[in-house]
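Chain letters run A, B, ... following the sequence lines, proteins first and then strands; every chain starts at 1.
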Amino acid sequence: MLDKHYDPKKVEEGKYERWVNAGYFKAGQDKSKPPFSLVIPPPNVTGKLHLGHAMNTTYEDIIARYKRMKGYDVLWLPGMDHAGIATQAKVEAKLREQGISRYDLGREGFLKKAWEWKDEYAASIHEQWKKMGLSLDYSRERFTLDEGLSKAVKHVFVTLYQEGLIYQGERITNWDPELRTALSNIEIVHQDDPGDFFYFRYDIVDSNDSIVVATTRPETMFGDTAVFVNPKDPRYQKYIGKQVINPANGEKLPLMADSYVDMKFGTGAMKCTPAHDPNDFALAKKYGFPFIKVLDETAHMNEKCGPYQGMDRYECRKALVEKIKAEGHLIKIEKIVHSVGHSERSGAVVEPMLSKQWFVKMKPLADAVLAYQKTQGKVEFLPKRFEKVLLRWMSNIEDWCISRQLWWGHRIPAYYNKETGEVLVSETAPDPKLYRQDEDVLDTWFSSALWPFATMGWPDTTSPDYQRYFPTSVMVTAYDIIFFWVSRMVFDSLHFTGKAPFQKVIIHGLVRDEQGRKMSKSLGNGIDPLDVIDRYGVDALRYFITTNAAPGMDMRYSDAKVASAQAYLNKIWNACRYVEGVLGEDYTPRPLEKKKLGTLDRYLVDHLERTIKKVGAKMDEYQFGQASSTLYDFVYDDFCSSYLEFSKISLAHGGEEAAVTKDVLYWTIKDIILMIYPYAPFVSEEMYLSLPGHLDSIMLETYPVYERKLLDKKASDQVAILLAMIKDIRNYKSSHGIAPNAKVKLAVSPREPFAGSGEYLTRFAFASSYEIRPEALEGSPFLYPGCEMVVEEDVDPEVLRKRLSEQQDSLHFEIARSEKILSNPGFLQKAPKAKVEAEQTKLAQNKAMLVTLEEKLHSLQK
RNA sequence: GGAUGCUUAGCUCAGCGGGAGAGCAUCGCCCUUACAAGGCGGGGGUCACAGGUUCGAACCCUGUAGCAUCCACCA
């Protein structure tokens, strides 16, 4: 027997362990079932899981649990990401607190610390997965740095190298001077920062003239090789080909012309620093200038900078500007706000810098994706619009810098001959006496990109899991990770397996705080899922977080809505408790037979079937919000507020009528529990196990099946009239200041909505008397299609007349509306037949009601 | 500069071609034995604005405004 109150803590206790021990989450136990697979987006081992993870994994769990009930052999594969740069930044920060740097520990020692960190956070992530109730197959858990993934990473690297799609090159890359590594474009966060725009005067050699050049980064002037103007610029044409003096170091620079220069920007004259700016780099290549690096890997000035050597870039900037000012070459300093790139992980201002890195040549890989997305089998995005995000990125792609000067990650399988320096790229390490391995590791996303197939045993394509579960069925992820991850999985998978890694990508939004702000550490507005679970239970959190936003839309966290989710679950809980009490110990479920059902049963079953159909359809479309609200309406309106209340009467009748009522109650509550189950597995399991004839777990049940033959529109229409009558009486009492439970005399004419409805009306409207009369009635009337109901009380004729005349107005309005629509030839011709008929029926009913109403008004006026 | 999304009840949001919905808030009445974490009944909306398509538009198209996000550029 269920407890009187739904206590989430009590309900959740012990269930997860039981599920895991019973092996319910394990895939491949019945291979006669069709496979359905998905892999978890591996969380970073950098910290605790937040509400975003809770949302993402709950969607996945709903899908996994739903598909299992629909008869699939579901594999939901868990795992975590080593998150190279993110984790290394965290571990370094922790060491820094102890006054240690990674260089003090050395590579080996540092990696030991990193693995300790990983173990600690992996344990905490496991604990959270358990709390969330995720039905993951732990027997297949993977880690991006494990042996299998490492093998796959090497294989991919070597293959791409051999195919000429990986190369080493000296390029301008984004350099994080704090973590001392190169970054890829998408690891840079641009933000608008205030800054200074310095205008300097450059004297022209052998002339008294000068030109003014503006820059935001004076410290890079030691690396300048030229000044550029636009060839069409009338201000400077006469100086083109001359030389100017660099005010930073007095060196002569050529004054060149190139149409790249924007005449309207700054002074129209631009300094060129080939080693510290990607555009200048391109210009330098074009004109054959040297590349002079002036910064070291920690963004301190190097030996090229004379007296400024050893200074930090900002100290140098300040000192240099002072010097130039003192020498009279500073024209002005303009305050500007400009977009500055910061490292996503360290927050440091990124320095564009020339360095030798490994790159993936993206064009061929991206083109393959673009071509694939034009085929039938393309990866389908839900919602559709997110496909454009992928396509746009793929069409404007630049080569991917994959080497990182870090230690935590997959070490690049490139080896240098100690004597010749020649590069050897190989999956197996050559003799260490002859070769030394490249010091760098790969970008984390290089391994994450292989996740859907490498976790299934690839590159061994004969692996049973790869054969059975790859390609995966769906991928669920937030929109902010489409570039980083989704796109890379797609191109690697297409290239290496010849297949897309998943059929569908289900994109969801982000969870924001109650004010709509992004949750962040600096704002301190993050909400810990464990706190929410503690207060409302995990089922309420799961329900809230997956049903309160349309697909792909952000949502705000709201305590009130989690509480409301809990109240809903409590509602079902109590309905279940009622049914359980009604059924008693010795009830044995019987299948529903339509011919045995009464009108009320037919109405409820009709609505139940329609609900099953719609909820199932929405679940199949991954429209979890719509599925849940369809069920919600049925639970409240049809089941709890109507049928459950009516059942109190039919049960009292006893006999076969009561027995049928029990059957209907049983099947309905069971189907409700089964439909809410993917959202709220813990409380569903508890309720399910309290029902007669249950299996060992709700996890063994099948999803409710829509049965068309149980539909009954006639019964639904009849009961709708009864419901309207009850509501009208309640409203009548409320608006006339009559106590709800005060008795009134009721009569209907010429017949009831359906045989036996009077008893229900009497009870729920608190009637003191109830009669069916064939003749027209005196008193305060309510009109329905095919019948009327009267309250036979002494009512002020004025009040009555007013109410009748309001009703008359509304009928007139309705009739006019119907007539207008039906007199439109276009409507009759083009609208669906059912619509036209429904409108005609409505018009006829309203007209009949109006006739009755006007007779009443007339007799009242006499 | 380019792209995408949003604008619906006091607040937070669903709905996205056939008569405006939910939660919370609000007002009134009820401790009626499943549920007071509740029940019953109400009030509250020219669905941003302007055009267009359609028999019919909150919903489709075009434009405008405001807000948000992403990408690119910024010497």
Side-chain angles (χ1 to χ4, degrees), chain A residues 2 4-6 185-186 190 192 197 213-217 220 224 227-228 260-262 265-273 277 279-280 283 336-340 383 385-386 388-389 392-393 396 479-480 482-483 509-510 514 516 518 536 544 547-550 552-561 563-582 625-626 629 632-633 636 640-641 644-645 647-648 726-727 729-735 737-741 763-764 766 814 817-818 821 824-832 834-836 838-839 842:
Chain A
L2 294 178
K4 169 140 192 186
H5 289 290
Y6 159 48
N185 293 351
I186 48 180
H190 288 274
D192 284 337
F197 202 22
V213 177
T215 180
T216 52
R217 294 158 70 212
T220 64
D224 287 0
V227 168
F228 275 92
Y260 168 77
V261 178
D262 180 355
F265 193 88
T267 63
M270 174 192 100
K271 71 190 204 62
C272 176
T273 320
D277 183 281
N279 297 310
D280 295 2
L283 279 174
I336 56 163
V337 171
H338 60 158
S339 165
V340 176
R385 69 185 130 94
F386 288 105
K388 278 185 238 162
V389 177
R392 191 159 40 83
W393 197 60
N396 302 304
Y479 60 73
D480 62 344
I482 293 174
F483 302 135
L510 311 175
E514 302 216 32
K518 219 169 167 171
Y536 303 102
F544 157 74
T547 62
N548 274 278
M553 303 296 292
D554 290 352
M555 72 179 299
R556 296 189 194 203
Y557 175 80
S558 156
D559 266 340
K561 288 198 177 180
S564 148
Q566 193 191 2
Y568 173 44
L569 297 175
N570 184 57
K571 183 83 179 174
I572 300 176
W573 174 274
N574 277 292
C576 182
R577 204 162 67 87
Y578 167 80
V579 174
E580 198 192 334
V582 162
Q626 291 188 36
S629 78
Y632 182 95
D633 290 344
Y636 266 90
C640 293
S641 299
L644 193 149
E645 295 299 335
S647 77
K648 291 169 186 172
I726 293 170
K727 186 162 187 159
I729 294 298
R730 285 170 171 172
N731 183 4
Y732 171 86
K733 288 182 179 175
S734 172
S735 59
I738 303 169
N741 55 0
R763 166 79 92 90
F764 292 101
F766 290 90
E814 293 299 321
R817 181 188 158 277
S818 291
I821 293 172
N824 183 333
F827 180 77
L828 294 173
Q829 228 168 58
K830 296 182 183 174
K835 281 277 169 240
V836 179
E839 205 56 52
K842 212 182 302 173

[atom1]-based separation of [M] from [N] [nearest Å]:
| N | M | atom1 | answer |
| --- | --- | --- | --- |
| A57(B) | C49(B) | C1' | 16 Å |
| G15(B) | C73(B) | P | 36 Å |
| U7(B) | A48(B) | P | 7 Å |
| A22(B) | G45(B) | C1' | 14 Å |
| G66(B) | A50(B) | C1' | 15 Å |
| U53(B) | C59(B) | P | 15 Å |
| U12(B) | G1(B) | P | 30 Å |
| U32(B) | G38(B) | C1' | 12 Å |

Is there any protein nitrogen or oxygen under 3.5 Å from a nitrogen or oxygen in nucleotides 40-47 of chain B, and what are the pairs?
{"from": "C40(B)", "atom 1": "OP1", "to": "Ser641(A)", "atom 2": "OG", "distance (Å)": "3.2"}
{"from": "C40(B)", "atom 1": "O3'", "to": "Arg730(A)", "atom 2": "NH1", "distance (Å)": "3.4"}
{"from": "G42(B)", "atom 1": "OP1", "to": "Asn731(A)", "atom 2": "ND2", "distance (Å)": "3.3"}

How is [X] classified with respect to the nucleic acid when contacts are heavy atoms under 4.0 Å: base, sugar-phosphate, or nothing?
| X | value |
| --- | --- |
| Tyr557(A) | nothing |
| Thr216(A) | sugar-phosphate |
| Cys576(A) | nothing |
| Tyr6(A) | base |
| Ala214(A) | sugar-phosphate |
| Asn396(A) | nothing |
| Phe483(A) | sugar-phosphate |

Does [X] have any salt bridge (Lys or Arg N to Asp or Glu O under 4.0 Å) partners at least two apart in sequence or in another chain, and if so, which?
| X | value |
| --- | --- |
| Asp224(A) | Lys271(A) |
| Arg730(A) | none |
| Asp480(A) | none |
| Glu839(A) | Arg817(A), Lys842(A) |

For [X], enumerate each residue passing the ring-ring contact (aromatic ring centres under 6.0 Å, His included) test, keeping only those at least two apart in sequence or located in another chain.
| X | value |
| --- | --- |
| Phe764(A) | Phe646(A) |
| Phe766(A) | none |
| Tyr557(A) | Phe544(A) |
| Tyr260(A) | none |

Query raised in the report: With a cut-off of 6.0 Å (strictly less than), are more than 12 heavy atoms of other residues, nucleotides or ligands near NZ of Lys518(A)?
Result: no
Of the options [options], whose atoms approach the side-chain atoms of [X] most closely?
| X | options | value |
| --- | --- | --- |
| Lys4(A) | C35(B), C74(B), A75(B) | C35(B) |
| Arg385(A) | G5(B), C73(B), A34(B) | G5(B) |
| Tyr479(A) | A75(B), U4(B), U69(B) | U69(B) |
| Val261(A) | U4(B), A36(B), A75(B) | A75(B) |

Requested in this report: For each nucleotide in nucleotides 11-22 of chain B, reading 5' to 3', give B when a protein heavy atom comes within less than 4.0 Å of its base, S when such contact involves only the sugar-phosphate, and - otherwise.
Outcome: -BSSSS-BB---
Query - Short side-chain N/O contact from Tyr260(A) to OP1 or OP2 of C74(B), under 4.0 Å - result: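 Yes, within the criterion.
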**Report entry** Side-chain N,O (Lys571(A)) to OP1/OP2 (G39(B)) below 4.0 Å
**Finding:**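 For G39(B), OP1/OP2 do have a side-chain N/O of Lys571(A) under 4.0 Å.
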Report task. Assign each of Ile336(A) and Arg577(A) to its nearest nucleotide of RNA chain B by heavy atoms, then name whichever residue's nucleotide is nearer the 5' end. Result -> Arg577(A)
**Report entry** Pairwise 5' ranking along RNA chain B for Asn185(A) and Gln566(A), keeping only the more 5' one
**Finding:** Gln566(A)
Which value, rounded to the nearest 0.5 Å, describes the distance between [X] atom [atom1] and [Y] atom [atom2]?
| X | Y | atom1 | atom2 | result |
| --- | --- | --- | --- | --- |
| Arg577(A) | Tyr6(A) | CZ | OH | 15.0 Å |
| Thr216(A) | Ile336(A) | OG1 | CD1 | 6.0 Å |
| Asn574(A) | Tyr578(A) | CG | OH | 12.5 Å |

Nearest whole Å is fine: how far is [N] [atom2] from [X] [atom1]?
| X | N | atom1 | atom2 | value |
| --- | --- | --- | --- | --- |
| Leu644(A) | U33(B) | CG | P | 14 Å |
| Leu2(A) | C35(B) | CG | C1' | 12 Å |
| Lys271(A) | A75(B) | NZ | P | 10 Å |
| Asp262(A) | G1(B) | CG | P | 13 Å |
| Glu645(A) | C35(B) | CD | C1' | 10 Å |
| Asp277(A) | C74(B) | CG | P | 7 Å |
| Phe544(A) | G23(B) | CZ | P | 16 Å |
| Leu283(A) | A75(B) | CG | P | 13 Å |

**Report entry** Nucleotide-level pairing of RNA chain B, given in dot-bracket where Watson-Crick and G-U pairs need both distances under 3.5 Å and | marks other strands
**Finding:** (((((((..((((....[..)))).(((((.......))))).....(((((..]....))))))))))))....
Query - Residues forming a side chain to side chain donor-acceptor pair (under 3.5 Å) with Asn185(A), sequence neighbours excluded - result: Asn174(A)
Query raised in the report: Between Thr547(A) and Tyr632(A), does any side-chain donor sit less than 3.5 Å from a side-chain acceptor?
Result: no
